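This report concerns only the one structure given below.
A quick note: this is a predicted structure, and the numbers were derived from the prediction, not measured.
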Amino acid sequence: EKLIVGVMSKEPMFMYDNENLVIQSGGTAGYCGIKMKENNKYDLFFLQAYLSHPIISDVMEKMGSDFEGGFYSRGTQVLEKLPIINVDFENEKEKALYDKIVEKTKKIYELNIVLKSSLLRDRTLNTLNDICQILQCDVNKVIKFYPD
C-alpha cells in the first residue's frame, strides 16, 4: 500500500496504490512513492486528502522548482520538508474529523474505480463525477478548519 506521487506536473497527483505497482523516478521526473511506517496511526487516504488540498498544493508549489509550461516539482525534497497535521487520536473531535476525511476520501476512490471501469450512461457518469467533486469539497473544508 502506497501513494504514488507525480513528481512534476501542473496539478497535484497522489494516487492510492494497493496493487504494488512499480514506479520510475529520478530527480524531478517520474514518480515517487509514500509508504507508511509500521505502527503508524495515519491512514494513507488521510495523507492523500491532506496532500491534495489546495492550500498544501500551493505550499508545495512554492517549495518546489518551477519549470517551463506551468509545471513544478513536488518530489522527495519537497515532501520531506512538508509539515503534516498532528492528529490527537485521543481527542474525540479531532478523531471524528480525521475519520470523516478518511471515509470521504475512500468513497471518492471507490467512485473513481466505478467511473473508470464501467460503461455507464453519460448522465450517470456526470452524476458520479459531481458526487466526487462534492466529496472532495467536503474533505477540503474539513482539512481547512482542522485544529492545529
Side-chain angles (χ1 to χ4, degrees), residues 1-25 27-66 70-118 120 124-148:
E1 219 182 11
K2 67 181 171 294
L3 291 181
I4 297 175
V5 181
V7 172
M8 187 166 55
S9 63
K10 291 183 180 183
E11 299 293 326
M13 191 203 95
F14 303 97
M15 184 181 94
Y16 175 76
D17 169 39
N18 61 355
E19 297 179 12
N20 203 24
L21 295 174
V22 176
I23 55 176
Q24 175 68 33
S25 67
T28 57
Y31 303 89
C32 65
I34 298 175
K35 186 173 174 143
M36 296 302 210
K37 293 181 180 180
E38 284 187 41
N39 303 320
N40 186 9
K41 291 183 179 181
Y42 289 85
D43 190 291
L44 273 174
F45 284 106
F46 176 83
L47 187 59
Q48 181 183 34
Y50 178 77
L51 292 172
S52 299
H53 192 278
I55 292 174
I56 301 305
S57 179
D58 287 348
V59 169
M60 286 188 286
E61 188 173 340
K62 303 285 186 275
M63 292 171 66
S65 301
D66 293 358
F71 290 89
Y72 68 95
S73 66
R74 67 178 71 70
T76 53
Q77 292 178 343
V78 171
L79 293 170
E80 288 173 347
K81 296 175 187 172
L82 192 66
I84 302 295
I85 293 173
N86 186 17
V87 178
D88 180 357
F89 290 96
E90 304 299 318
N91 180 309
E92 286 183 31
K93 185 177 178 183
E94 284 191 38
K95 177 72 167 87
L97 290 172
Y98 170 88
D99 289 341
K100 188 179 212 178
I101 291 167
V102 171
E103 174 190 328
K104 289 181 183 248
T105 305
K106 281 183 181 178
K107 185 68 177 172
I108 292 168
Y109 175 76
E110 292 164 3
L111 287 171
N112 281 326
I113 289 172
V114 171
L115 286 166
K116 197 168 84 173
S117 66
S118 194
L120 301 172
T124 305
L125 285 171
N126 290 338
T127 301
L128 290 177
N129 277 318
D130 290 346
I131 291 169
C132 283
Q133 289 179 348
I134 290 167
L135 288 168
Q136 187 63 56
C137 286
D138 287 349
V139 168
N140 287 345
K141 287 177 189 172
V142 173
I143 289 174
K144 182 177 179 181
F145 295 106
Y146 206 92
D148 292 330

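Qualifying side-chain hydrogen bond (donor to acceptor under 3.5 Å, both in side chains) partners for D138, counting only residues two or more places apart in sequence or in other chains: K104. With sequence neighbours left out, K106 forms a side-chain hydrogen bond (donor to acceptor under 3.5 Å, both in side chains) with no residue at all. Residues that satisfy the salt bridge (charged side-chain N to carboxylate O under 4.0 Å, His left out) test with D99, not counting sequence neighbours, are K95. Annotation: side-chain hydrogen bond (donor to acceptor under 3.5 Å, both in side chains) contacts of Q77 (sequence neighbours excluded): none. The side-chain hydrogen bond (donor to acceptor under 3.5 Å, both in side chains) test applied to D66 returns no partner, not counting sequence neighbours. In this structure Y42 satisfies the ring-ring contact (aromatic ring centres under 6.0 Å, His included) test together with F46, F89, sequence neighbours excluded. Applying the side chain to side chain contact (heavy atoms under 4.5 Å, CB included) test to I23 and every residue at least two apart in sequence or in another chain returns I4, Y31. Scanning for ring-ring contact (aromatic ring centres under 6.0 Å, His included) contacts around F14 gives an empty result, with sequence neighbours left out.
To the nearest 0.5 Å, atoms CG (N91) and NZ (K93) are separated by 8.0 Å. In this structure, I85 CD1 and I101 CD1 are separated by 6.0 Å, a value rounded to the nearest 0.5 Å. Within the model, atoms CD1 of I113 and CD1 of I108 stand 12.5 Å from one another, a figure rounded to the nearest 0.5 Å. Considering CG of L111 and SG of C132, their distance stands at 4.5 Å, rounded to 0.5 Å.
Taking the side chain as every heavy atom from C-beta outward, E103 and K100 never approach each other to under 4.5 Å. By the 4.5 Å heavy-atom criterion applied to side chains, L97 and I143 are not counted as neighbours. Looking only at side-chain heavy atoms (C-beta outward), Y98 and D43 come within less than 4.5 Å of each other. With contacts defined as side-chain heavy-atom distances shorter than 4.5 Å, the pair V78/M60 qualifies. For the pair M13 and V5, the minimum side-chain heavy-atom distance is 4.5 Å or more. Within the 4.5 Å cutoff, no side-chain heavy atoms of L3 are placed close to those of F45.
Distance alone, capped at 3.5 Å, is enough to place a donor-acceptor pair between the K2 side chain and the L21 backbone. Without hydrogens or angle criteria, E94 side chain to V87 main chain gives no donor-acceptor distance under 3.5 Å. At least one donor-acceptor pair under 3.5 Å links the side chain of S73 to the backbone N or O of S65.
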*Begin from the C-alpha positions of V59 and M63 and carry the test side chain to side chain contact (heavy atoms under 4.5 Å, CB included) through to its verdict.*
CA-CA 6 Å; V59 169; M63 292 171 66; 3.7 Å; yes
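For the salt bridge (charged side-chain N to carboxylate O under 4.0 Å, His left out) condition, no pair includes a residue of residues 49-58, sequence neighbours left out.
The minimum heavy-atom distance linking E1 with K35 is given by the pair O-CG, 3.6 Å. When all heavy atoms of K37 and N40 are compared, the pair lying nearest together is O-CB, 3.1 Å.
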Let me check something: any side-chain donor-acceptor pairs from residues 49-57 under 3.5 Å, sequence neighbours excluded? List them with distances.
from, atom 1, to, atom 2, distance (Å)
Y50, OH, P83, O, 2.7
S52, OG, Q48, O, 2.8
H53, ND1, I55, N, 3.0
H53, NE2, N140, O, 2.9
S57, OG, Y72, OH, 3.2

